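Below you'll find the structure, written out as structure tokens, and then a few comments.
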Amino acid sequence: MLMENQTKVTEFILLGLSSDPQVQIFLFLVFLVIYLVTLVGNILIMLVIRTDSHLHTPMYFFLFHLSFVDICYSSITVPTMLMNFLAKHKIISVNGCITQMFFFILLAGTEVFMLSAMAYDRYAAICDSLHYMEMMSKEICVQLVSGAWTVGFLNALLNTVFTFKLHFCGPNQIRHFNCELPPLLQLSCTDTFTNQVVLLTSAVILGAISFLLTLISYIHIISTILRMPSVQGKRKAFSTCSSHLIVVGLLYLAAFIQYTKSRSVSSVAVDEMVSIQYSILTPMLNPIIYSLKNEEVKTALRNLLGKFKFLK
């Protein structure tokens, strides 16, 4: 009877980062620049890898797909965010919100396991270089990328199915700039215990598996590098995985802050900062990090840009 007397919510209001019009204009310009840099950077990385035959190796195969994931990851969040900075009514339908949440979880899970696959690739290249091409054949690389997408999809589907069983009857204001599952659960007028268990269990299990795969790979990598007799050999081996280490470090730093923050800290402010870091800044930083730390990518970029200059 209680549910029948309550009004069913059909749309949410995204409160965003600020309600001050002047601040919103400033934030619009900042995040527009970030989004454009993200698109240009990742598209350039993909073009360089596709056009330069020297980069047709397993490592750059994974980097190509990571750039594609980063473009999608940023594109499900930032365009809506930019529109809301300029819109008077920052409204999103319930189904639209759940759809955005689905793709957010899908791409987050895919990115995490893509980075684990890249860690395994570095392990194979450094620790078992004689069998590298056998261990990282085209078929295996495709299977690893497909596996990352499959895990991300199943995780997103699992959480979304349980979200569709929720009822929303007010309030309808989301204290965030996009639709993520935790703030969405807070608005439900039905019991969310199952959703919380599914979310926590899937996050812990998949996060632990991805972290352990990456950690074990790097334990073997560091152990192998330390046994190398040549200082130059150590430096060269470490340089091939330094970019990946930085990217992985940024990802797990965000996760560490998210799950170890004090209850006394403003949850909304911290959640927004962490969300900006892993869903907006990381996709922008990934191509920059790989470009600056990788001589092969820098050389290929110079060659590609040189061709464009020649066409002019």
Side-chain angles (χ1 to χ4, degrees), residues 1-17 19 73 76-77 80-81 84 89-113 149-211 251-252 254-279:
M1 288 295 294
L2 183 62
M3 283 295 298
E4 290 176 1
N5 294 330
Q6 291 175 322
T7 305
K8 183 180 179 181
V9 169
T10 58
E11 57 189 25
F12 295 120
I13 298 171
L14 294 168
L15 296 180
L17 298 174
S19 58
Y73 201 8
I76 62 166
T77 300
T80 303
M81 190 181 185
N84 284 338
H89 303 290
K90 311 173 194 305
I91 293 171
I92 185 170
S93 68
V94 170
N95 288 338
C97 192
I98 294 175
T99 301
Q100 187 187 60
M101 180 207 75
F102 169 83
F103 284 106
F104 190 88
I105 297 173
L106 163 64
L107 292 162
T110 303
E111 174 136 348
V112 166
F113 278 90
W149 279 101
T150 301
V151 171
F153 174 78
L154 292 176
N155 182 38
L157 184 64
L158 178 66
N159 281 281
T160 305
V161 165
F162 284 97
T163 304
F164 272 117
K165 295 179 184 248
L166 298 177
H167 295 279
F168 302 96
C169 46
N172 68 336
Q173 294 183 334
I174 299 177
R175 297 179 60 82
H176 212 290
F177 57 84
N178 67 351
C179 292
E180 292 187 31
L181 187 50
L184 201 60
L185 294 180
Q186 294 174 8
L187 299 181
S188 174
C189 53
T190 50
D191 182 54
T192 61
F193 178 75
T194 302
N195 300 78
Q196 291 173 356
V197 170
V198 171
L199 175 62
L200 181 62
T201 303
S202 61
V204 169
I205 291 176
L206 297 182
I209 291 172
S210 172
F211 177 76
L251 178 70
Y252 285 110
F256 177 79
I257 294 172
Q258 177 75 354
Y259 290 102
T260 61
K261 66 177 185 290
S262 171
R263 294 291 179 185
S264 62
V265 178
S266 171
S267 178
V268 174
V270 174
D271 287 347
E272 285 181 340
M273 291 294 291
V274 173
S275 185
I276 288 171
Q277 195 264 306
Y278 64 70
S279 66

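Just so it is clear, the model here is predicted, and its values are computed rather than measured. Sequential numbering from 1 along the given sequence is applied to the chain's residues.
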Test applied, side-chain contact (heavy atoms from CB on, under 4.5 Å); reference residue, L158; option that passes from V198, T163, T201: V198
Just to verify, what does T99 make a side chain to side chain contact (heavy atoms under 4.5 Å, CB included) with, not counting sequence neighbours? F103
Do N195 and L181 have side-chain heavy atoms sitting under 4.5 Å apart? no
L154 meets the side chain to side chain contact (heavy atoms under 4.5 Å, CB included) criterion, sequence neighbours left out, with T150
How would you list, by chain and number, every residue that makes a side chain to side chain donor-acceptor pair (under 3.5 Å) with Q277, sequence neighbours excluded? T282
Please enumerate all residues that pass side chain to side chain donor-acceptor pair (under 3.5 Å) together with T110, with sequence neighbours excluded. none
Do S93 and T10 touch side chain to side chain, with heavy atoms closer than 4.5 Å? no
Can you measure from OG (S188) to CZ (F168) and round to the nearest 0.5 angstrom? 5.0 Å
Report yes if some heavy atom in the side chain of N178 is under 4.5 Å from a heavy atom in the side chain of T80; otherwise report no. no
Taking only residues two or more places apart in sequence, or in another chain, which ones meet T192 in a side chain to side chain donor-acceptor pair (under 3.5 Å)? Q196
Is there a side-chain contact between I76 and L107 in this structure, where contact means two heavy atoms from C-beta onward sitting under 4.5 Å apart? yes
Find out whether L17 and M81 are in side-chain contact, i.e. whether some heavy atom of one side chain is under 4.5 Å from a heavy atom of the other. yes
Among all residues two or more places apart in sequence or in another chain, which pass the side chain to side chain contact (heavy atoms under 4.5 Å, CB included) test with F102? L106, F153, A156, L157, T160
Excluding sequence neighbours, so at least two apart, what forms ring pair (Phe, Tyr, Trp, His ring centres under 6.0 Å) with Y252? F211
State which residues pass ring pair (Phe, Tyr, Trp, His ring centres under 6.0 Å) with F177; sequence neighbours excluded, sorted by chain then number. none
State which residues pass side chain to side chain donor-acceptor pair (under 3.5 Å) with N84; sequence neighbours excluded, sorted by chain then number. none
Report the residues that fulfil ring pair (Phe, Tyr, Trp, His ring centres under 6.0 Å) with F113, sequence neighbours left out, ordered by chain and then residue number. none
Could you give the distance from CE (M101) to SG (C179), rounded to the nearest 0.5 Å? 9.0 Å
For S202, check side chain to side chain contact (heavy atoms under 4.5 Å, CB included) against everything at least two apart and list the hits. N155, N159
For the residue pair L184 and I98, establish whether any side-chain heavy-atom pair is separated by less than 4.5 Å. yes
